[in-house]
Amino acid sequence: MRRGSSSLLVIFGLFVLLLAGAGTYLYLFAPGVVPGTAGKALPPTPRPDVEVVEAALDLQPGTLINDTDSMLTTGKISGDDFAANPQSFFTSPEQVRNLKAVAAIHGGAPLKKDQVGAAGLSLKIPKPAPGQAPIKAFPVQVNSLTGVANQVQPGDYVDVMASFNMDIHTFRPGVPENKDNATAKDVIVDQASNEGSVKVLLQDVQVLDIVKPALPEATPQGQQAKEPPPPPAQSTAQPGQAPKNDSGSVLQPGNWVLLIGVSNQQAEVLRFALDRGIGISTLLRASGDHMTDHTVGSTMRVLIDNYGMPVPSTNQPSQLPGPVQIPNVPSLPQEKTDVFAPAVVTAGSNK
């Protein structure tokens, strides 16, 4: 045999061996094929279990889920069940807080989204303590200055303070125009002045919810922005009458409504004040603060008599009553005001 033929046989033999090795590798290590079961696919890898929210106890329809620690728990379901409809389950108890059950929920069963719904405000009103009047929701419209700069959150406690001005008419004897036929007693002068007063009306009332105006709709690119609504017309109510709200129930930008929990008596006080244009402001309480503080309010007389407010030289007669000591308000010692008399220098004087 020729030497060239021997070389071809060797090359052919190596090629056959390479093909045999490749086939063996594919047979042993091909994905989805188990040795000895050629043509049979491997079973899919099982999905890991998923932790979901479960009911810790039986919940009846209408139950407010406000205590996630005692009413809810977590458990695991198979990954296949979760993957079949992942939108039906909750993965965190905080997602269920303040929702209400709309169907009977059995304890230990996974909580599904079609079993709960949004809770109305009536379910958020706390039950009154023994011996106290029931709580009702009352709306108070505030802004950044009267609403603690938008720092109040639902569940906080606030005090409600009222401030108003009142027109005062003081009648005093006047100077007669005809000195021969009249006396000072025959002439009465009506002198008008304006007096202010501030007082904390309600203390330790809970904010049940907050309603804010809807955000303006985004203007698509290339379209002209909508004109803002016209400002509400000024009120034409007469003195002593409730001002009319010509803007209806639409909240203006920069304003929002605090829904506070009050008794019927407290609601009557607030309604009386609001109907007469008395300004309402809120004071935010610290967490856990439920103490009540007795106050006497503030007027010009209180500021002058108890806080040393200087009295103008042209003070109104209605502001000149004698000092009155008010309990729990410090009384400052009365100090005489120094009289300033400028020196008069005549012409030619060396002084």
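Hydrophobic clustering (ILVMFWY, side-chain heavy atoms < 4.5 Å, transitive): Leu99 and Ile125 are in distinct clusters. Under the 4.5 Å side-chain heavy-atom criterion for grouping Ile, Leu, Val, Met, Phe, Trp and Tyr, Val269 is connected to Val262 within one hydrophobic cluster. Under a hydrophobic-cluster definition in which Ile, Leu, Val, Met, Phe, Trp and Tyr are linked whenever side-chain heavy atoms come within less than 4.5 Å, directly or via other members, Val158 and Leu201 are assigned to the same cluster. Clustering ILVMFWY residues whenever any of their side-chain heavy atoms sit less than 4.5 angstrom apart, transitively, puts Leu202 in the very cluster that holds Leu274. Both Leu283 and Val198 are members of a single hydrophobic cluster when ILVMFWY side chains are connected at heavy-atom separations under 4.5 Å.
Gln151 places a side-chain N or O within 3.5 Å of a backbone atom of Ala149 that can act as its donor or acceptor partner. Distance alone, capped at 3.5 Å, places no donor-acceptor pair between the Arg285 side chain and the Gln206 backbone. At least one donor-acceptor pair under 3.5 Å links the side chain of Asp58 to the backbone N or O of Gly107. Asn194 places no side-chain N or O within donor-acceptor distance of the main-chain N or O of Gly196, the cut-off being under 3.5 Å. In terms of modelled atom types and a separation under 3.5 Å, the side chain of Gln203 and the main chain of Asp293 share a donor-acceptor contact.
Atom CD of Glu195 sits about 5.5 Å away from atom CD1 of Ile168, to the nearest 0.5 Å. Atom NZ of Lys136 and atom CG of Leu208 lie 12.5 Å apart (nearest 0.5 Å). In this structure, the separation between CE on Met309 and CG on Leu303 is 4.5 Å, given to the nearest 0.5 Å. Here the straight-line distance linking atom CD of Gln95 with atom CD1 of Ile65 works out to 12.5 Å at 0.5 Å rounding. To the nearest 0.5 Å, the span separating OG1 on Thr73 from CG on Leu57 amounts to 10.5 Å. Lys127 NZ to Ile135 CD1: the interatomic distance, rounded to the nearest 0.5 Å, is 14.0 Å.
Here the side chains of Asp114 and Ser88 are not in contact, with every heavy-atom distance at 4.5 Å or above. No side-chain heavy atom of Phe138 sits under 4.5 Å from any side-chain heavy atom of Val160. Side-chain contact check for Val142 versus Ile280: every heavy-atom pair is 4.5 Å or farther apart. Side chains of Asn264 and Pro134 form no contact here, defined as non-hydrogen atoms less than 4.5 Å apart. Looking at Asp289 and Tyr157, their side chains never come closer than 4.5 Å, going by heavy atoms from C-beta outward. In this structure, Met166 and Phe164 have side chains that are in contact, with non-hydrogen atoms separated by less than 4.5 Å. Residues Lys113 and Phe89 fail the side-chain proximity criterion, which asks for heavy atoms closer than 4.5 Å. Two residues are said to be in side-chain contact when any heavy atoms from C-beta on lie closer than 4.5 Å; Val96 and Thr68 fail this criterion.
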Candidate pair Phe90 and Val116, rule side-chain contact (heavy atoms from CB on, under 4.5 Å), full reasoning: CA-CA 11 Å; Phe90 295 98; Val116 295; 3.7 Å; yes
Can Asn150 and Lys212 be said to form a side-chain contact (heavy atoms from CB on, under 4.5 Å), step by step? CA-CA 10 Å; Asn150 198 15; Lys212 296 185 178 181; 3.1 Å; yes
Begin from the C-alpha positions of Asn85 and Lys112 and carry the test side-chain hydrogen bond (donor to acceptor under 3.5 Å, both in side chains) through to its verdict. CA-CA 10 Å; Asn85 196 355; Lys112 295 186 177 181; over 6 Å; no
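Between Leu72 and Ala55, the shortest heavy-atom distance links the atoms CD2-CA, 4.5 Å. In this structure, Val102 and Gly117 approach most closely via the heavy-atom pair CG1-N, 3.8 Å. Between Ala133 and Pro128, the closest heavy-atom pair is O-CB, 3.4 Å. Between Pro139 and Val257, the shortest heavy-atom distance links the atoms CB-CG1, 3.7 Å. Contact detail for Gly79 and Val50: the closest heavy-atom pair is CA-CG2, 4.2 Å. Heavy-atom minimum distance, Ala101 versus Gln60: CB-O, 3.5 Å.
Of the candidates Val152, Leu270, Asp209, Ile260 forms a side-chain contact (heavy atoms from CB on, under 4.5 Å) with just one, namely Leu270. Among Lys124, Arg97, Met71, the one residue that satisfies the side-chain contact (heavy atoms from CB on, under 4.5 Å) test with Asn66 is Met71. Checked against Thr282 for a side-chain contact (heavy atoms from CB on, under 4.5 Å), the options Val207, Leu258, Asp156, Val205 give a single hit: Leu258.
Arg271 and Glu268 are not joined by a salt bridge, as no carboxylate oxygen comes within less than 4.0 angstrom of a charged side-chain nitrogen.
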